[in-house]
Amino acid sequence: MTTSPLPFDLKPSAHPLPAADREAALANPGFGRHFTDHMVTIRYTEGQGWHDARLEPYGPLSLDPATMVLHYSQEIFEGLKAYRQADGSVAVFRPEANGERFQRSARRMAMPELPVETFVEAMDVLVRQDEAWVPASGEQSLYLRPFMIASEVGLGINRPANEYLFMVIASPAGAYFPKGIKPVSVWLSKEYVRASPGGTGEAKTGGNYAGTFVAQAEATRHGCDQVVWLDAVERRWVEEMGGMNLYFVRGSGADAQIVTPQLTGTLLPGITRDSLLRIASDLGYSTGEVKISTDDWRQGNADGTITEVFACGTAAVITPVGSVRSAEGDWTVGDGQPGPVTQRLREELLGLQTGARPDPYGWMHAIR
Ligand SMILES: *Cc1c(COP(=O)(O)O)cnc(C)c1O
């Protein structure tokens, strides 16, 4: 196998969006609605390895109807953000960590592993080209969506594909809470499960989402914003929330203890989750990875030992959970408002990501 880095063929668009239209999109980007002028593609063929790395104008793909991903969902993805720094430069939050997780997802889905340095280089190439799409201010960002699909044509299912397409697209993302932080209400899903032991819950693969929209619709029917997933076997251990990991705060002030469900193989190992374990512990909080049941949660809120609950992930960074609904009853988390520990961790993490605070961990990857 080659050890020299894959060369990128740069084919910039002759017709990028006019600056005025781009500025209009950036004024109110929302999430995942606008896409930048370019995309990255890299091909993989069994025997040949990774090849044909390109930056090219953003545009539709042409796929044979028998392309394997369309039938058997051999697909993985990532999500990470580029932030405008206080000095005007641009930096991406922990791209190596996403590159490593992308390799783990690939292994689980029997797909080829893209070298982490190529993954990171793909982000660099795209962000450098579309730098004008990185919003200028604070909590806004450029969301990067790398993904890989089985691109071989054929309906045989006795083996994984032997051809793959890796891509990166980018989309400006607005502040998640433009009107101030608003806690979400959650529905504890007992009927549907997201992942089971031995399944694909730990991999970031589209199929994990396809099966969950029905539960999200159920949550909406019960007046809730989000679904909380429980373990598939006992339906009692809390795993995660929609596409975010969960944290529980016990106690308050400097003595607060901050815990998150342990990685049992059925939940997604979030990079935000991992970052917060580190930040919280460096702020002097005691932290832990635990098993927490729905009874522990309900009891903890009833007797006041659990003071705050929040969810975390790349898209929303940190979202407070304000209330819980389930077939067995409803309750409020604390006073239903964003708690002080939640808000402090959110400010610390966003401060680091936007360059307003120091980065003692070397997590920000500068684009040059
Ligand atoms: C991506 C994802 C998360 C959050 O991971 P981050 O790396 O923090 O963005 C949590 N749960 C699921 C199911 C996910 O797909």
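Being a predicted model, the structure only gives us computed values, none of them experimental. We number each residue from 1, following the sequence as shown. Both ligands and their constituent atoms are indexed starting at 1 by order of listing.
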Side-chain polar contacts of residues 17-24 - donor-acceptor pairs under 3.5 angstrom, sequence neighbours left out - could you list them?
none

> For the rings on Phe213 and Tyr192, is their centre-to-centre separation under 6.0 Å?
Replying inline: no

Distance-only check: which donor-acceptor pairs under 3.5 Å involve side-chain atoms of residues 361-368, not counting sequence neighbours?
| residue | atom | partner | partner atom | Å |
| --- | --- | --- | --- | --- |
| Tyr361 | OH | Asp282 | OD2 | 2.9 |
| His365 | NE2 | Asp124 | OD1 | 2.8 |
| His365 | NE2 | Asp124 | OD2 | 3.2 |

> Which ring-ring contact (aromatic ring centres under 6.0 Å, His included) pairs, counting each pair once, include a residue from residues 142-170, with sequence neighbours left out?
Replying inline: Phe31-Tyr143, Phe102-Phe166

> Between Trp297 and Phe248, what is the ring plane arrangement, given parallel below 30°, perpendicular above 60°, and tilted in between?
Replying inline: perpendicular

>> With a 4.0 Å heavy-atom cut-off, what residues sit around ligand 1?
In response: Arg101, Arg194, Lys204, Tyr209, Glu240, Gly242, Gly243, Met244, Asn245, Leu268, Gly270, Ile271, Thr272, Gly313, Thr314

> Can you name the nearest heavy-atom pair linking Gln74 to Ala110, along with the distance?
Replying inline: NE2-O, 3.2 Å

